[in-house]
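Note sheet for the following structure.
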Amino acid sequence: MGFLERRDPGAALDRFEALSQREPDLSKAHFGALMAGFELGQQAYARALPHGKLALRSERDLTPEQRHLALRAVGVMQLAENHVREAAETLAELVVRTPELAEAQYNYACALARLGDTPAAIDHLRAALRLDGELASHARQDDDLKSLRGSTAFEQLTGAAK
């Protein structure tokens with residue numbers, strides 16, 4: 001984790017991948033590779049996503065905070081990589097575990113909108129905006145929510161009609 005702390009996620013990803021190859025059942029190595037890839041950004045998502053899935057297989061090896069971080073990172077990566085159904089499943093678990101996390105509610109709304117579940121997407125967007133009203137301006141521009149634009153509920157929630 002020292003490489004991440006020194007803001008060198010590329011080196012951290014290399015190290016965690018090497019460790020996970022030597023010890024494939026070590027969830028913490030997969031977690032480290034996931035977080036390094038998440039820190040690197042979208043160009044590393046395809047590389048880091050398998051590590052996230054492996055890290056999440058173990059309920060007991062990650063702390064609750066690490067599991068929340070892993071669910072968040074995996075869900076975002078899955079959305080970015082167009083694995084929308086998987087993202088919805090991952091983000092649903094995150095919402096159940098941390099219903100007070102606005103970002104979880106918001107990203108789950110994005111996945112649901114992309115799957116065409118408008119009523120559920122609106123419900124989770126409403127929950128996200130109740131927790132963090134600043135997300136409304138982002139929602140108006142977010143391509144993940146474009147299927148909701150024009151609906152009365154979306155316009156009222158985001159103030160887009162103003």
Side-chain angles (χ1 to χ4, degrees), residues 1-115 121 124-125 127-147 158:
M1 289 294 179
F3 285 99
L4 284 176
E5 291 168 6
R6 289 192 299 273
R7 309 299 297 160
D8 190 356
L13 181 54
D14 292 340
R15 292 281 177 112
F16 283 121
E17 281 187 324
L19 179 58
S20 70
Q21 287 174 358
R22 285 192 309 274
E23 298 187 48
D25 294 330
L26 186 59
S27 295
K28 300 248 184 205
H30 292 292
F31 173 76
L34 168 69
M35 298 315 296
F38 190 64
E39 181 82 18
L40 282 169
Q42 194 161 355
Q43 74 273 11
Y45 286 1
R47 183 176 164 194
L49 191 53
H51 291 288
K53 292 178 183 179
L54 289 169
L56 288 172
R57 282 190 186 161
S58 173
E59 182 73 34
R60 63 175 171 49
D61 292 339
L62 300 179
T63 67
E65 180 184 356
Q66 288 172 328
R67 186 161 188 87
H68 296 162
L69 290 170
L71 287 166
R72 175 181 166 251
V74 168
V76 167
M77 289 178 178
Q78 288 170 325
L79 274 177
E81 294 293 308
N82 292 314
H83 305 160
V84 182
R85 190 159 305 285
E86 289 176 331
E89 292 169 9
T90 301
L91 294 165
E93 182 181 341
L94 182 59
V95 164
V96 166
R97 288 174 179 265
T98 58
E100 73 290 346
L101 184 61
E103 181 186 358
Q105 296 284 351
Y106 183 89
N107 287 329
Y108 189 40
C110 289
L112 293 168
R114 287 180 59 185
L115 289 172
H124 287 280
L125 181 60
L129 296 177
R130 195 173 319 122
L131 293 164
D132 182 358
E134 305 262 328
L135 289 170
S137 63
H138 183 70
R140 290 190 293 270
Q141 311 299 318
D142 195 329
D143 284 341
D144 287 336
L145 299 174
K146 67 183 170 190
S147 68
T158 63

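All values reported here derive from a predicted model rather than from experimental measurement.
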So that I can tick it off, tell me whether Asp14 and Arg47 are bridged by a salt bridge, with the cut-off set at under 4.0 angstrom between side-chain N and carboxylate O. yes
Using a cut-off of 6.0 Å, state whether more than 12 heavy atoms not belonging to Glu100 lie near its atom CD. yes
Pairwise distance CG(Leu79) to CD(Glu86) - rounded to 0.5 angstrom: 11.0 Å
Any Lys53 side-chain heavy atom under 4.5 Å of Gln78 side chain: yes
Would you find a donor on one side and an acceptor on the other, under 3.5 Å apart, between the side chain of Ser147 and the backbone of Ala113? yes
Using only heavy-atom distances, determine whether the side chains of Tyr106 and Asp142 contain a donor-acceptor pair under 3.5 Å. yes
Test Val74 against Glu89 for side-chain contact (heavy atoms from CB on, under 4.5 Å), laying out the working first. CA-CA 11 Å; Val74 168; Glu89 292 169 9; over 6 Å; no
Would you say that Phe16 contacts Met35 through its side chain, given a criterion of any heavy-atom pair below 4.5 Å between the two side chains? no
Would you sort out whether Leu145 and Cys110 count as a side-chain contact (heavy atoms from CB on, under 4.5 Å), showing the intermediate values? CA-CA 6 Å; Leu145 299 174; Cys110 289; 3.9 Å; yes
Using a 3.5 Å distance criterion without hydrogens, assess whether the side chain of Thr98 forms a donor-acceptor pair with backbone atoms of Leu101. no
Is there a side-chain contact between Phe31 and Leu69 (heavy atoms, below 4.5 Å)? yes
Are the side chains of Thr158 and Gln141 in touch, meaning some heavy atoms are under 4.5 Å apart? no
With distance as the sole test, does His30 use its side chain to make a donor-acceptor pair with the main-chain N or O of Pro24 at under 3.5 Å? yes
Give the intermediate values and the outcome of side-chain hydrogen bond (donor to acceptor under 3.5 Å, both in side chains) for residues Asn82 and Arg114. CA-CA 10 Å; Asn82 292 314; Arg114 287 180 59 185; 2.4 Å; yes
